[in-house]
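A short write-up of the structure that comes next.
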Number of protein chains: 2
Amino acid sequence: MGEINIKQLACELNLSAATVSRALRDSHEISSETKARVLEMAKKLNYEPNPFASNLRGQKSKTIAVIVPEIANNFFSLAINGIEEVARERDYHVLIYQTHESSAIETSFLNRLLSGRVDGVLISLACENVDKEHFKKISNQLPVVFFDRVHDDIDGVKITTDDYESAYNAVQHLIENGCKKIGYLSALNALSTGKKRLQGYLDALKDNDFPDDGNLIMKSGANNDENYTLIKNFIAEHKPDGILSSIEELAMPCYYACKELNLNIPVDLKLISFSNLAHAQLLNPSLTTINQPAFEIGVEAAGILFKIFNKRWYEPNQTIILKSNLIKRESTRAIA
Amino acid sequence: MGEINIKQLACELNLSAATVSRALRDSHEISSETKARVLEMAKKLNYEPNPFASNLRGQKSKTIAVIVPEIANNFFSLAINGIEEVARERDYHVLIYQTHESSAIETSFLNRLLSGRVDGVLISLACENVDKEHFKKISNQLPVVFFDRVHDDIDGVKITTDDYESAYNAVQHLIENGCKKIGYLSALNALSTGKKRLQGYLDALKDNDFPDDGNLIMKSGANNDENYTLIKNFIAEHKPDGILSSIEELAMPCYYACKELNLNIPVDLKLISFSNLAHAQLLNPSLTTINQPAFEIGVEAAGILFKIFNKRWYEPNQTIILKSNLIKRESTRAIA
DNA sequence: GTGAAAGCGCTAACAC
DNA sequence: GTGTTAGCGCTTTCAC
């Protein structure tokens, strides 16, 4: 696009393109005098190497892809923030794709990325059931790092949080603060992430000798409206005095449902949720959250991808677990 | 990366690469029978054209760049969501960059993008003062569409919201609900976006015969901590009974400051803010917001960029203005 | 309707 | 220390 190329730059300097190329890449075969001349002229003429030419030549794209369910989500936007910062430090570019939880879209993105457009992929899985075979094919051809939304049956490097322990501790916290009948708003059921959270809930109940008839587990629906109705009916029917929500998107409707049902949080119902809401503190009442280190997850995932690029990563199946933070607030306050 | 190329595909079909290429691009010179064969084999072998080769050849990248101050921001993540959806429909790829409000970083991104890596750029300006000359150079070489954070002195296509009217109406709303001393938390002062919001505030005061000594305008600081202190001192010193915040990031600290100062919102102080907080309704008290159509801005901006690509856009300097929504809630309730 | 060949801009192997 | 050349994979003349 109206840009100068290496040949013109070489011409201007009475040098060959090869020499200029070498000078720009700081090759040791080039005299420092020539290097200086080249650099100066490149700057003067605003030379920017054509990335497609060098990518085509070198089979490297200096680009990574990030595939997430949604960008407009407190967790994912923070994770992407972390990824972008790491990429920037390394002069890498970041392509972004959202699946809207559809594994068909996910698969189609991954297929397109096999063309060599990117050097690697960071992915947080769509919560629809996954074509595991397809992922095998992908990761044979392209480095992939999974973060947060992972699946045990898919091999690969994974960055997650301590989902099981977080859910377990959350239920423990509800019990300590007086809950006798604790419901669970489940999501991500097809993924290990969701399964671990559910298992943490179940095990905490069992360890506290709570009955577990599975009745108090609500499965999330297809959209926000449906979820609201499901939640309202769930609360009205089962009258739980505590709820652990596996995702932020299911906790917010609880506030509206409780208002509608004339229930007071935390008096009638205590609420705790996995959430990266920046201002959980300002909700009415303030929300007790399990806060995932979203930014750090992004940084870590990107860091590992770059280690893979540099052949400094030797554990193709390692899972790295970062700790979430239980932040106790009004919504789970013990009632005297 | 382990991928099949057009030559191998051609070989498999006993055709030339040229014919395969034409068949894949649905050229009219190719018999439909051959096309069918090629398509089938391409699918079977999972052929994906190498984007760098075709980009190099055709000087088209099928990629756009989005440059924003921050990804982890309710407004920008929604806008990016809109952009990504439009890009996806057109099989375009989206590169993402964040400036963290630094115009030096912004400039460096833009320079790197001149290499032809992208076909166009969508940008929301960093709030630092801008090198206007530099932008002239850029837009001569690359289609650029500005959104939300724009500058009148920089030519180009722009998508904004009705910042002036929104601020004006917000102040009017505060006055109607009883405010006598209205403060303004200013930000984005170097940009037209910020200037228009400020001007709306000032004009509304004037039209209502409020004194305007400029004392009630607080300039935002360098970071969240500083902003909190500035806001607390501002409220303590000037004792406004109404505040219009030009950005969400300055409204949230008001809640904390008021708690600290033992002031009640909305009794002692009414608060309204430009904001895309999903759950302003759930804050304590719920926050009256000026809600920008962030997603639609993204969709619109991307749509225009594609029109420019297709030479179906003829107004290199048009500004398109979408309407924001004033959503009245508890934080500005009139006190009987 | 199909094939052969040139070339997009860059870089690495091979000269000298 | 620098130049020459070939080729990355694709598309597009130009032939036939």
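In what follows, every chain begins at residue 1, and chains take the letters A, B, ... in the order their sequences are listed. Not measured: the values here are computed from a predicted model.
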Atom [atom1] of [X] to atom [atom2] of [N]: distance rounded to whole Å?
| X | N | atom1 | atom2 | value |
| --- | --- | --- | --- | --- |
| A:Glu33 | D:dG1 | CD | C1' | 11 Å |
| B:Asn5 | D:dC8 | CG | C1' | 10 Å |
| A:Ile6 | D:dT2 | CD1 | C1' | 14 Å |
| B:Leu24 | D:dG9 | CG | P | 16 Å |
| B:Gln59 | D:dC10 | CD | P | 16 Å |

Using side chain to side chain contact (heavy atoms under 4.5 Å, CB included) as the criterion, list what pairs up with [X], not counting sequence neighbours.
| X | value |
| --- | --- |
| A:Glu40 | none |
| A:Ala301 | A:Leu122, A:Val145, A:Phe147, A:Ile159 |
| A:Glu70 | A:Asn73, A:Gln98, A:His100, B:Asn81 |
| A:Asp153 | A:Lys132, A:His151 |

Please write out each protein N/O paired with an N/O of nucleotides 12-15 of chain D under 3.5 Å, distance rounded to 0.1 Å.
| from | atom 1 | to | atom 2 | distance (Å) |
| --- | --- | --- | --- | --- |
| D:dT12 | O4' | B:Arg57 | NH1 | 3.3 |
| D:dT13 | O4 | B:Arg22 | NH1 | 3.4 |

*Run the side chain to side chain contact (heavy atoms under 4.5 Å, CB included) check on A:Glu85 and A:Phe295 step by step: do they pass?*
CA-CA 10 Å; A:Glu85 288 198 14; A:Phe295 178 86; 3.7 Å; yes
Mind listing the side-chain donor-acceptor pairs of residues 8-18 of chain A below 3.5 Å, one per line with the distance, residues two or more places apart or on another chain?
| from | atom 1 | to | atom 2 | distance (Å) |
| --- | --- | --- | --- | --- |
| A:Gln8 | OE1 | A:Asn5 | N | 2.9 |
| A:Ser16 | OG | A:Ala18 | N | 3.4 |
| A:Ser16 | OG | A:Thr19 | N | 3.2 |
| A:Ser16 | OG | A:Thr19 | OG1 | 3.0 |

*asked:* Can you tell me if B:Lys307 has over 12 outside heavy atoms packed within less than 6.0 Å of its NZ?
replied: no
_Within a 6.0 Å radius of atom CD on B:Glu29, are there more than 12 heavy atoms belonging to other residues, nucleotides or ligands?_
yes
*Terminal axis angle for the helix from C:dG1-D:dC16 to C:dC16-D:dG1, five pairs an end, nearest 10 degrees*: 40°
*Answer with yes or no whether the side chains of A:Asp119 and A:Ser61 bring together a donor and an acceptor at under 3.5 Å.*
yes
*asked:* Distance alone, cut at 3.5 Å: any donor-acceptor contact between the side chains of A:Glu48 and B:Ser115?
replied: no
_Per the ring-ring contact (aromatic ring centres under 6.0 Å, His included) rule, what does the pair list look like for residues 103-124 of chain B, sequence neighbours excluded?_
B:Tyr97-B:Phe109
*Using the ring-ring contact (aromatic ring centres under 6.0 Å, His included) rule, collect all pairs that involve residues 110-138 of chain A, keeping only residues at least two apart or in two chains.*
A:Phe135-A:Phe146
*Please tell me which of B:Thr34 and A:Pro51 maps to the more 5' nucleotide of DNA chain C, matching each residue to the nucleotide holding its nearest heavy atom.*
B:Thr34
_Range on DNA chain C touched by chain B - first to last nucleotide, heavy-atom distance under 4.0 Å_ = C:dG1 to C:dG9
*Enumerate the residues from residues 39-49 of chain B whose closest heavy atom to DNA chain D is under 4.0 Å, giving them by residue number; use none for an empty result.*
B:Tyr47, B:Pro49
*Residues two or more places apart in sequence or in another chain: which of them pass salt bridge (Lys or Arg N to Asp or Glu O under 4.0 Å) with A:Lys136?*
A:Glu133
